[in-house]
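Note sheet for the following structure.
A note on names: the letters A, B, ... follow the listed sequences, proteins ahead of strands, and every chain is numbered from 1.
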Number of protein chains: 2
Amino acid sequence: MAAEAGVNAETLRYYERRGLLQEPPRRDSGYRAYAVDTVATVRFIKEAQKLGFTLSEVEILLHLDRGGPADCEAARALATEKLLDLESRVASLTAMHHSLEQLIATCEQPLGNRECPLIVALGGLAEGKKADLSGHGEGEGS
Amino acid sequence: MAAEAGVNAETLRYYERRGLLQEPPRRDSGYRAYAVDTVATVRFIKEAQKLGFTLSEVEILLHLDRGGPADCEAARALATEKLLDLESRVASLTAMHHSLEQLIATCEQPLGNRECPLIVALGGLAEGKKADLSGHGEGEGS
DNA sequence: CTTGACTCCGTACCGAGGTACAGGGTTTAC
DNA sequence: GTAAACCCTGTACCTCGGTACGGAGTCAAG
């Protein structure tokens with residue numbers, strides 16, 4: 001069953017501990033007797049993870065699944081929130097990418113006599129922020 | 001000094017423990033007497049982190065900074081590698097974004113009588129993978 | 001009936017990047 | 001000269017998503 005869902009057996013137990021899977025009935029030996037559709041649930045979890053949901057959110061989603069239309073609303077809200085989150089992450093990674101490209105480009109610059117332009121540039125980037133000691137600024141640059 | 005660099009004092013000590021900052025001289029009281037340019041180093045660390053370098057990589061970069069032109073090459077290689085890494089992360093986030101959008105779109109579909117289309121759809125996504133029980137496939141989909 | 005592959009349980013650990021706390025010492029401003 | 005506000009050390013803890021281990025029981029095949 002673990003193999004079929006593509007996860008370790010330990011992972012299944014972990015999910016059970018976390019409440020993502022509810023405890024399956026046991027055989028008389030104590031072995032877990034998983035319902036057939038548990039495989040689908042595990043795949044659901046994995047899919048949702050790939051879409052950026054945390055396990056806690058997945059848990060919420062799973063509980064929501066047992067509810068009515070109001071819960072469906074909630075599920076959509078959660079998904080929409082994730083979407084925004086993804087958007088901002090993409091934006092910031094893209095910004096990083098851009099900066100890094102520029103940074104690497106400095107390597108083509110004549111390198112004076114001994115300093116690595118890349119590292120110097122990275123240090124230089126930070127200079128801009130000196131004025132920033134007003135608050136406890138956890139600055140997000142862009 | 002911690003405030004000026006925008007980090008906790010504890011974080012400074014943490015960096016020192018990790019070897020990112022070398023141990024500063026002490027006043028006779030035992031207090032750390034940071035050199036003026038340590039602030040710049042800390043900002044460098046923070047900048048590099050923002051660009052996706054891990055602290056271990058930053059450490060390498062800092063050591064590289066003391067070296068010659070060969071080390072400069074190495075720094076550029078590291079940066080280039082990071083760039084590729086960023087590219088793939090952006091790609092995968094973008095893919096997630098796309099899927100999530102489509103998923104949310106299913107919410108507009110008529111919802112039968114009681115099932116949340118979003119959750120049903122997420123479950124449905126996983127179906128495609130049933131054939132995948134050949135190896136121990138830790139599948140990377142896309 | 002034995003052997004090997006599975007499963008059980010509980011607990012501890014990984015890595016990354018810190019944060020928190022306790023129990024002191026020091027500095028600085030009033 | 002005293003009180004607040006900083007700094008020191010060391011250790012423990014946090015989140016996240018699992019993985020590993022040990023000692024025992026169980027299942028299926030030969």
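B/E23 places its CD atom 12 Å from the P atom of D/dC8, with the value rounded to the nearest Å. Note: OH (A/Y34) to P (C/dT7) measures 9 Å, nearest angstrom. The CZ atom of B/R27 sits 13 Å away from the P atom of D/dT9 (whole-angstrom rounding). Here the C1' atom of nucleotide C/dG17 and the CD atom of B/E59 are 14 Å apart, to the nearest Å. Atom C1' of nucleotide D/dC7 and atom CD of B/E10 are separated by 11 Å, given to the nearest angstrom. For B/F53 and C/dG17, the CZ to P distance is 13 Å, given to the nearest whole Å. Taking atom CG of residue B/N8 and atom P of nucleotide C/dA20, one finds them 7 Å apart after rounding to whole Å. Distance, B/L12 CG to C/dG17 C1': 14 Å, rounded to whole Å.
Counting only heavy atoms from C-beta on, B/D28 has its side chain closest to C/dT27 among C/dT19, C/dG17, C/dT27. Proximity note for B/R26 (side chain, C-beta onward) versus D/dT19, C/dG17, D/dC8: the nearest is D/dC8. In this structure, the nucleotide among C/dT19, D/dT19, D/dT9 sitting nearest to the side chain of B/R13 is D/dT9. The side chain of A/A9 lies closest to C/dT7, out of C/dT7, D/dC27, D/dT19. When distances run from any side-chain atom of B/K46 to the nucleotides C/dC9, C/dT27, C/dG18, the shortest one goes to C/dG18. You'll find that the side chain of B/Y31 is closest to C/dT27, out of C/dG18, C/dT7, C/dT27.
Between A/Y15 and D/dG18 there is a side-chain polar atom (N or O) within less than 4.0 angstrom of OP1 or OP2. Remark: B/R32 is in phosphate contact with D/dT9, judged by side-chain N or O atoms under 4.0 Å from OP1 or OP2. Taking side-chain N and O atoms only, B/T11 has a distance below 4.0 Å to OP1 or OP2 of C/dT19.
Residue contacts shown for B/T54 are limited to sugar-phosphate atoms, with no base heavy atom under 4.0 Å away. Counting non-hydrogen atoms under 4.0 angstrom, A/R17 reaches a base of the nucleic acid.
Checking side-chain atoms of B/T94 against main-chain N and O of B/V90 turns up a donor-acceptor pair under 3.5 Å.
Contact check for B/M1 versus B/R32: no side-chain heavy atoms found under the 4.5 Å cut-off. Looking at A/F44 and A/L61, their side chains come closer than 4.5 Å, going by heavy atoms from C-beta outward. Between B/L51 and A/L103 there is a side-chain heavy-atom pair separated by less than 4.5 Å.
Across the interface with DNA chain C, nearest-nucleotide mapping of B/Q49 and B/S29 shows B/Q49 to be the residue nearer the 5′ end. Annotation: of the two residues near DNA chain C, A/G30 and B/G30, the 5′-most nearest-nucleotide partner is A/G30.
Checked against A/F53 for a side-chain contact (heavy atoms from CB on, under 4.5 Å), the options A/E57, A/K50, A/Q49 give a single hit: A/E57. Residue A/Y34 forms a side-chain contact (heavy atoms from CB on, under 4.5 Å) with just one option from A/V36, A/D37, A/T38, and that option is A/T38.
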